[in-house]
Amino acid sequence: MTEQRPLKIHNTLSGKKEEFRPITPGYVGMYVCGPTVYNDVHLGNCRTFCSFDMIYRYLLHLGYKVRYVRNITDVGHLTDDGEDRMAKGAKVAQLEPMEVAQRYTVGFHDMMRIFNTLPPSIEPRATGHIPEQIEMVQTILERGLAYERNGSVYFDVPKFAAENEGVYGSVSGRVLEDLYTETRELKSQEEKNHPADFAIWMKARPQDLMVWNSPWSVGFPGWHLECSAMSTKYLGKTFDIHGGGNDLKFPHHENEVAQNHGACGCHPANFWMHTNMLLLNGKKMSKSDGNTISPTELFTGTSEHTSKPYSPMAVRFFMLMAHYRSTLDITDDGLMAAEKGFLKIMETNRILQNLPVNARDFDGSESDTDRAILALIHDAFAGMDDDFNTAIAIASLNEMGSFIHKLANQQIAPGEISPWVIERLKTVFSTFLFDIFGLQDESANSNDSGTLEGLMGLILEIRGQARAQKDWATSDKIRDGLSAAGITVKDGKDGVTWAKA
RNA sequence: GGUUUCCUGGCCGAGUGGUUAGGCACAGCUCUGCAAAAGCUGCUACAGCGGUUCGAAUCCGCUCGAAACCUCCA
């Protein structure tokens, strides 16, 4: 493994950017909390997973061997009324709980594919790791950090906090004393010694459908336990990066740390990364209060919040324009700007990749233009190295784009940019756009593009003949007709090109 | 109520003690048969009030406003 460039990552534990050093040089273990599959994925999930997809891709780009684990939660989440989420969905739809999980897992995977995210290395399911979770409960009990009450097992937060100073609260920044006084009055908490305690094993009630036998009762594992058990199983007791949405900091991640710590006496992850929320109308998107827009609605333009459909890649680009730790407000104007920006940068890339590289033009020196472009390339990577700042990288690419267009328009002389710099530009652009940002050229990607190319070639040839004869009526009729069909004709100095609008 | 974060130009959004981020929109120009595209130029902002500093949008304090978490949520 060769030396990696210094990479800075914002660590929730310290609240600062820290230089990233993997436990094993060249290898990265990354765990990201995945979706609970009891409903269609919503956009907020997509932003988080797109962000971590970009992070995963950049780590790969840097040459790391990454084991990326992202779980599927198909049991254990309790709803407000204490009912298991999977069971609730099942009752509504008259389906087996696992049938519900399966349906939404498939839907989730479809959506991830639409957003062009790479699949994780391992995608463990909570229901597939019940024995591991039971084992962990046992270990925690043996270490005296949990207690059994009527068949349920609760994690003893005060005891844990007393024995491990500074650990509980390290993720969420919460002060233990505050927790005791702040925790709201919740029903059915009588069994707990302390309001801050949480269940690691729940005894089933008659209405619970997804249950397993355990030393304590027939029941099911607590919500936070699956991530502890599965991250340990696949990444080890301590691994490099643990990620998830901001809203999981408390209680989920805090309790996860407590469990891992309680079971093995060590901190599970060196770096905790949290993505920020997607906002709609200035507020967090939320499943429960209806302030939401689904990815499908975004793609079809059927939401009241948008004026037109936006393609998946336009949406992905929209997300990339903001830093992953910033909140991102979804607005129609913002999406429109992103869509334009996306189409333009893809077009710039197409022009760039078609630029001829003529070695004879190279006079052997490094021009000011060369240096300017090289500086921009440096900026783009420096932005990524600084906590994955995609906004900086995009800004740098746009500035490179200006040079590319000028070169293509012969507004700067071909000799002003060295051939090797153009080659470098080509590599940098495709690396960023496709490998790191995970974008796809949607216009190139339709099945009938070959047919379309042929048709367009013919049509534009006819138009060219009309123009040569100054038959503007025919020429404009073709242009307007194509425009109406969604194709923009671009007359350039060296001929005609076209693009889907 | 407690904890934390944020407030950037018409809009979206980076950044951060001293230099125009970038995009979108808009205006003018170049090119063009016209238009589009592309290029060039213009638009130079950091919620308010104090303080620190040679210098702050960037650090500190207060105020206003917003958001997140404290309860399932990415």
Check residues 397-405 of chain A and write down every donor-acceptor pair under 3.5 Å in which the side-chain atom is one partner and the other belongs to a residue at least two apart or another chain.
residue  : atom : partner  : partner atom : Å
A/Asn398 : ND2  : A/Ile394 : O            : 3.4
A/His405 : NE2  : A/Thr348 : OG1          : 2.9

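Proximity of A/Ser326 to the phosphate of B/G13: no side-chain N or O atom is located under 4.0 Å from OP1 or OP2. OP1 or OP2 of B/A38 has not a single side-chain nitrogen or oxygen of A/Ser402 nearer than 4.0 Å. Contact check, A/Lys490 against B/A35: no side-chain N or O comes under 4.0 Å of OP1 or OP2. Taking only side-chain nitrogens and oxygens, A/Lys406 comes nearer than 4.0 Å to OP1 or OP2 of B/C40. The side chain of A/Lys340 contributes no N or O atom lying less than 4.0 Å from OP1 or OP2 of B/G23. Regarding contacts with the backbone of B/G15, a side-chain N or O of A/Asn389 is found under 4.0 angstrom from either OP1 or OP2. A close approach under 4.0 Å does not occur between any side-chain nitrogen or oxygen of A/Asn398 and OP1 or OP2 of B/G22.
Distances from the side chain of A/Ser475 to the nucleotides B/G33, B/G39, B/C70 place B/G33 closest. With B/G15, B/G33, B/C12 as the choices, the nucleotide that has an atom nearest any side-chain atom of A/Asp476 turns out to be B/G33. Comparing B/G15, B/C11, B/C69 by their closest approach to the side chain of A/Asp333 singles out B/C11. Side-chain atoms of A/Ala395 lie closest to B/A21 of the nucleotides B/A21, B/C12, B/A35. With distances taken from any side-chain atom of A/Lys283 to the nucleotides B/A68, B/C70, B/A25, the minimum falls on B/A68. The side chain of A/Pro251 sits closest to B/C72 out of B/A74, B/G23, B/C72. For A/Glu399, the side-chain atoms get nearest to B/A21 when compared with the rest of B/A21, B/G39, B/A74. You'll find that the side chain of A/Gln411 is closest to B/G39, out of B/A14, B/C12, B/G39.
Taking the ring axis of A/Tyr310 as reference, the NZ or CZ atom of A/Lys308 stays within 45° of it and closer than 6.0 Å to the ring centre. Relative to the six-membered ring of A/Phe437, A/Arg57 misses at least one condition, a distance below 6.0 Å or an angle of at most 45° to the axis.
Evaluation of the ring pair (Phe, Tyr, Trp, His ring centres under 6.0 Å) rule for A/His253 yields A/His242, A/Trp272, A/His274 as partners, not counting sequence neighbours. Residues satisfying the side-chain hydrogen bond (donor to acceptor under 3.5 Å, both in side chains) criterion with A/Thr497, sequence neighbours excluded, are absent altogether.
For the P atom pair drawn from B/A67 and B/G15, the interatomic distance equals 23 Å after rounding to whole Å. With C1' as the reference atom, B/C54 and B/C59 are 16 Å apart, rounded to whole Å. On the C1' atoms, B/U19 is 25 Å away from B/C24, given to the nearest whole Å. When the P atom is compared between B/G50 and B/U41, the two are found 38 Å apart, to the nearest whole Å.
Between the side chain of A/Arg479 and the base of B/A36, no donor-acceptor pair of N or O atoms lies under 3.5 Å. With hydrogens and angles ignored, no donor-acceptor pair under 3.5 angstrom links the side chain of A/Asp491 to the base of B/A37. At a cut-off of 3.5 angstrom, the base of B/A37 holds no donor-acceptor pair with the side chain of A/His405.
Per the geometry, CZ belonging to A/Phe403 stands 13 Å off C1' belonging to B/C40, to the nearest Å. Distance CG (A/Asp387) to C1' (B/G15): 13 Å, rounded to an integer number of Å. Here B/A66 presents its P atom at 19 Å from CG of A/Asn276, a figure rounded to the nearest Å. The interatomic distance linking A/Asp40 (CG) with B/A74 (P) rounds to 13 Å, in whole Å. Spacing between atom CE of A/Met400 and atom C1' of B/G39 amounts to 19 Å, rounded to whole angstrom units. Going from atom CD1 of A/Ile345 over to atom C1' of B/C24 covers 14 Å, rounded to whole Å. Following rounding to the nearest Å, A/Leu397 (CG) and B/A14 (P) show an atom-to-atom distance of 16 Å. For A/His323 and B/C6, the NE2 to P distance is 12 Å, given to the nearest whole Å.
Side-chain atoms of A/Thr369 and A/Ile373, non-hydrogen and from C-beta on, do get closer than 4.5 Å to each other. Between A/Met210 and A/Met98, the closest side-chain pair of non-hydrogen atoms falls below 4.5 Å. When side chains are defined from C-beta on, A/Ser326 does not count as touching A/Asn276, because their heavy atoms never get closer than 4.5 Å. At a threshold of 4.5 Å between non-hydrogen side-chain atoms, the residues A/Arg350 and A/Asp441 count as touching.
Both A/Ile392 and A/Cys33 sit near RNA chain B, but only A/Ile392 has its closest nucleotide nearer the 5' end. Annotation: of the two residues near RNA chain B, A/Met336 and A/Glu347, the 5′-most nearest-nucleotide partner is A/Met336.
Secondary-structure stems of RNA chain B, taken as three or more successive Watson-Crick or G-U wobble pairs (i with j, i+1 with j-1) under a 3.5 Å distance threshold, comprise B:1-6 with B:65-70, B:10-12 with B:22-24, B:26-30 with B:38-42, B:47-51 with B:59-63.
Taking the six-membered ring for Trp, A/Phe299 and A/Phe115 have ring centres closer than 6.0 Å. Between A/Phe239 and A/Tyr234, a ring centre-to-centre spacing not shorter than 6.0 Å is recorded.
With 3.5 Å as the limit, one finds a donor-acceptor pair spanning the side chains of A/Ser228 and A/Gln259.
Sorted by residue number, the list of members of residues 111-118 of chain A with any non-hydrogen atom under 4.0 Å from RNA chain B is empty. Taking every heavy atom of residues 463-472 of chain A and every atom of RNA chain B, pairs under 4.0 Å involve A/Arg467, A/Trp472, by number.
Judged purely by atom type and a 3.5 angstrom limit, A/Asp379 has no side-chain atom pairing as donor or acceptor with the backbone of A/Ser396.
By the neighbour-count criterion of 12 heavy atoms within 6.0 Å, atom NZ of A/Lys470 is sparsely surrounded, having that number or fewer from other residues, nucleotides or ligands.
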